[in-house]
Every structure is written in C-alpha cells, then in structure tokens.
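Notes to accompany the following structure.
So you know, we letter chains A, B, ... as the sequences are listed, proteins then strands, and number each from 1.
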Amino acid sequence: MSERLPLGWYRVEPPPPPDGLVAEGAAAFALAARLLADPTGALARSELRGVSGPALLVVVGASDALPWVDGLCYLARVSSTPGLYVPTWIGTTQPPSLVAAALVRVYGDGPHVLLPPLIDGDTTRVLSLADARPIARETLTRWLAEQCAANVAEGLA
Amino acid sequence: MRGALEDAARGLVEREVLVELVALAAVAREHLLVVGPPGTAKSEAVRRAARAFSASYFEYLLGRFTEPSEIVGPVDLRKLREGRVEVETSGMLPEAEIAFLDEVFLGSTAILNTLLGILNERTFRRGHTSIRVPLRVCVAAANSVPADEALAAFADRFLVRAFVEPVPDPLLETLLENADTLLRDDAPRRTASLAQLDALADPARTCDLSAVRPAIAHAVRQLRAAGVTLGDRRIVKAQRLIAAAAALDGRRTADLRDLWPIVYVVPSLEASAVAREVLRETLAATSSASLRFAALDASAGPEARASVLATATAALLDAPVPEESALRAQLRARLEGAARAIDAAFAPDALPAQLAGVRERLRARIGAEDVRPEGPAEAGTAADMPGGGEAAQA
C-alpha cells in the first residue's frame, strides 16, 4: 500500500547562493546568446554543465560562473540532499531526501530539478540532470539555431 | 552619519559590520570585543570609525609585560618631586574618545584592573589623578574568547561581540583590488562629528522600550531553549543596544525593527551562530537605515538584505563607466553578479519595493551593454546539447 503525500513549499530564509539556473522561452534564447557572446566567460572556461530541451536550458555550476539574463530562475542544490535542486528561495515541506528518493523511483537517476507551480492549477515540474555535460560552444550554437528555426517554422505554420 | 560610516568602510572587505558596531556601541555607551585571527583589519576598521567621527584615538598592542604606564601615561616626575603622584595622560587612553586595545587578554592583572575602572565608570584614578575619561567606546581585540574565569569576567565588560574571519574566497579579488585604498589615505571621506554621536546618546538612554520588551524576553527564552544562556546583566544591557539602534534611526520609541542587536550580545562564535538560526523568524522584520550591514548580518532578514543589495547595486550603477574594454568587461561582470544576487535572493513575486527600481535600472544597463554573437547562428542538425533531458510533468 502506498500513500500520496502532498508536496508543499515554504520560503527559505536566507536563500542560499545559487548552484544552477533554469531558463525557458525568451530567457533561454537570451541566455544562449549571452554565453556565446562572452569569449572569455564561463563557457570558454568550461565551468558550466547543462541539459537542454525545446526552449529550455538548465545550467549548473559555481555561483560566480552562472550568467544572468532577465527571466532566469536560479536554483540551489539542497545541502542535505545533493541530488535535488530547487529554486533558491524555497524548500519542500517534505524531507528533501524522501522527495529525491521518490523522484529517482519515478523518473530514474538524478540529480533532479524540482520546480513548483508558478500559478494555481499548474503542476510541479521535474527536470533531470542525469545527462548533464559540460556545455560546448558548438552544441549551444547548434541548439540556438534549431530553436530559431523551430520558431520560424511555427510562425509560418 | 550614514555617509560617514559608508566612507569609513570603503575599501575594507566584509568589515562594514565592525565599523557600524563601533557606532552602535558608542551611542549605547558600551564597549566592543572583536574576536578573530591577526591580520583581519580589525584595528583598521576601528581606526577608520574614529576618523569618521573626528574622535581622538588611542591604540595599543598589549603584551604580557606591558606596564600600565604604557597605556595610561607615565607618572609626572615634576609632581612626584612635590610629593604628588599624578599621571601625565596626554595622548594616552584616559584622554581618548575611541580606543583600540589589541590582544587585550594578554594584559597583566595591573593592566586589566586599570582598564576596569576606565571601562565601567569612565573614570581614571591613580594616586592624586582622578579624571573623567571622555571614552565613548573601547574596542578590544583578541584571537579567542578566554576560557580563564578571571579573564572571562573581564571580557564580560564588553557587551558587544563581533567575530571576524579572513576574507572568504569569492571576495579575494576585491580584497586585492582594494589594497590600494587601504594603503592610501588621500581619498576624501565624509565625516560626522562626535557631537552627533553624543546627541544620540540621550535619546538612546531615554528610549521607550515598552513595546519590544515582550519580544526581547521571548527571544531570550528561545535562546535558552536552544542552550544559549545570557547572563542577567547581558540581557538587561542588551536593551541599551536596542535603544541605540532606534535612536540611530531617529526614533525615541523602539519597535520590532530594532531587535537585531540581540545577536551581538551572544558571547561566543558558536552560540552566535545558534542564536542567528534560532532567532531567524523573530528577527526577520528587523532592519536599520543607519547600520544596514550590522542589521543584515544579525537578521539575514529580507528587508535588511534588500536594503544592502539596493545600496550596493546603486553604487555600482552610479560608478563611472571605464573607457578601457577590459575594465568595461569587469564592470559588466559585476553588474551581472549584482543582478544574479538579487534574482537569487528573492522570488519574482516577493521582490521588495526598494529593490524593484534598482533591478530595473540594472536590467536596462546590462541590456544596453549586451554584445551580440558575431555572425548568424548556423543551422545544424536537430540534436540537443550533450545530455539533453526532457522536461517532465510530475
């Protein structure tokens, strides 16, 4: 027999320094452009690891290496549970280790990023960092081009 | 006064709290003990605070063989020939308005007994010399809080405690950049006057604390429950610091914003960390317009944090734009760092009003300096970045 427990959130004070970020939509494109534009920045120094999706980038790295563009959501790795990343200003009301274990059971190996609903009615979202790799300039350029092409195709449809 | 304190701390890294605590202790007519390793700018911070208030300053490094005459002055030999034991105090501790005594616990019993009178009663007595000392605040420094009972009793005379550590890794570049500021003394700095500090002492002494006493008692109970015990004298005197915090912010009635000094009466570093954790909710609403860094350090509350971020970011935005591209890139990196600090510290729907305007300026400034990638993006194969993971619904 299993029991579902509601996943709740609370505000963390003070917020810890960030260990990663999530960028979606326009913020993701701006982020990619920013990373590519800085020839001596974190990208060039291979200080960032990440995963991507359609109009989505998730990047992890040292706080000082994380770039900024408007619209990012900064993540912190939960100190007691390194396999779990959540937005810096919140924590889960359920013990993080239980949450992380549940995520592994359902979604496979982590680490995982857990994003709370932005508005009422939304669901909590889970992103996997299991395949995170150092971000390469070439693949980021390719990703950006693909996203631009997809946007154009959408616009023409 | 806010400007004088800011300029006093300019160039020092992570020592703003110490400069502000000197002001707080001076208004409260209490003394400050700074605990930390050598070479962490303790004396420099105090020296600058003294200069900020144009106060007469006395500084001495105590040792095991330091004679009392080295800090209070030699016996006046002319008067001694006349049969009177009087001390020539010119330029010495009894005439100082702000004093710094390094390695205070190395002092002999004679030294500590001499200091007790000066600290407690603000009176220096030796032989036929009996004078009221103009001392507003004595700052003592030590590597550690003494375990010896007799020395601990002496240490208890220093109500305010500050614990300093070497500059952390992320700020090492800033420390090295600011080294020039530490060595030069020619940059103009705003100053206040000791009269301004003195003018606050009376409102602090007569401050109405009735609204916050229940909160103070509650905080003490919370600390006791967590194993942090404050002596009765320390609890009672903590009120003076709370009153001083209110007076520095121009109020004659203390309220919950002024509770943050409680953390600074906790006598040890470990207990201080416990206190910050235990009192986090109690101190969440505390802040100070005059002593922003000290309030933030004590409470880590959102209002105090927002205040410090807003001030630091505004200063960065108002800094002149360098011509050289390498320096511009450095400034750009610092602007991004400030934006990152703001966005990581607050949820978008919880951004305090005082930060919203600054953030918008920051966003516009960074956007204006944005550099686009050279050439068009290449069309490639439909393959994700290495390690592409898909978003999934929980």
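Closest approach of B/W260 to B/L291, counting heavy atoms only: CH2-CD1, 3.8 Å.
Heavy-atom pairs under 4.5 Å with chain B peak, among A/S63, A/P16, A/A62, at A/S63. Taking chain A as the reference chain and counting heavy-atom pairs below 4.5 Å, the highest number among B/A347, B/A345, B/S299 is found for B/A347.
No part of A/R49 comes within reach of chain B, as not one of its non-hydrogen atoms sits under 4.5 angstrom from that chain. Residue B/R363 touches chain A through both its backbone and its side chain, counting heavy-atom pairs closer than 4.5 Å.
Both the sub-6.0 Å distance and the 45° axial angle are satisfied by B/R276 relative to the ring of B/Y264.
Using a 4.0 Å cut-off between charged nitrogen and carboxylate oxygen, B/R340 and B/E336 do not count as a salt-bridge pair.
A side-chain donor-acceptor contact under 3.5 Å links B/R292 and B/T311.
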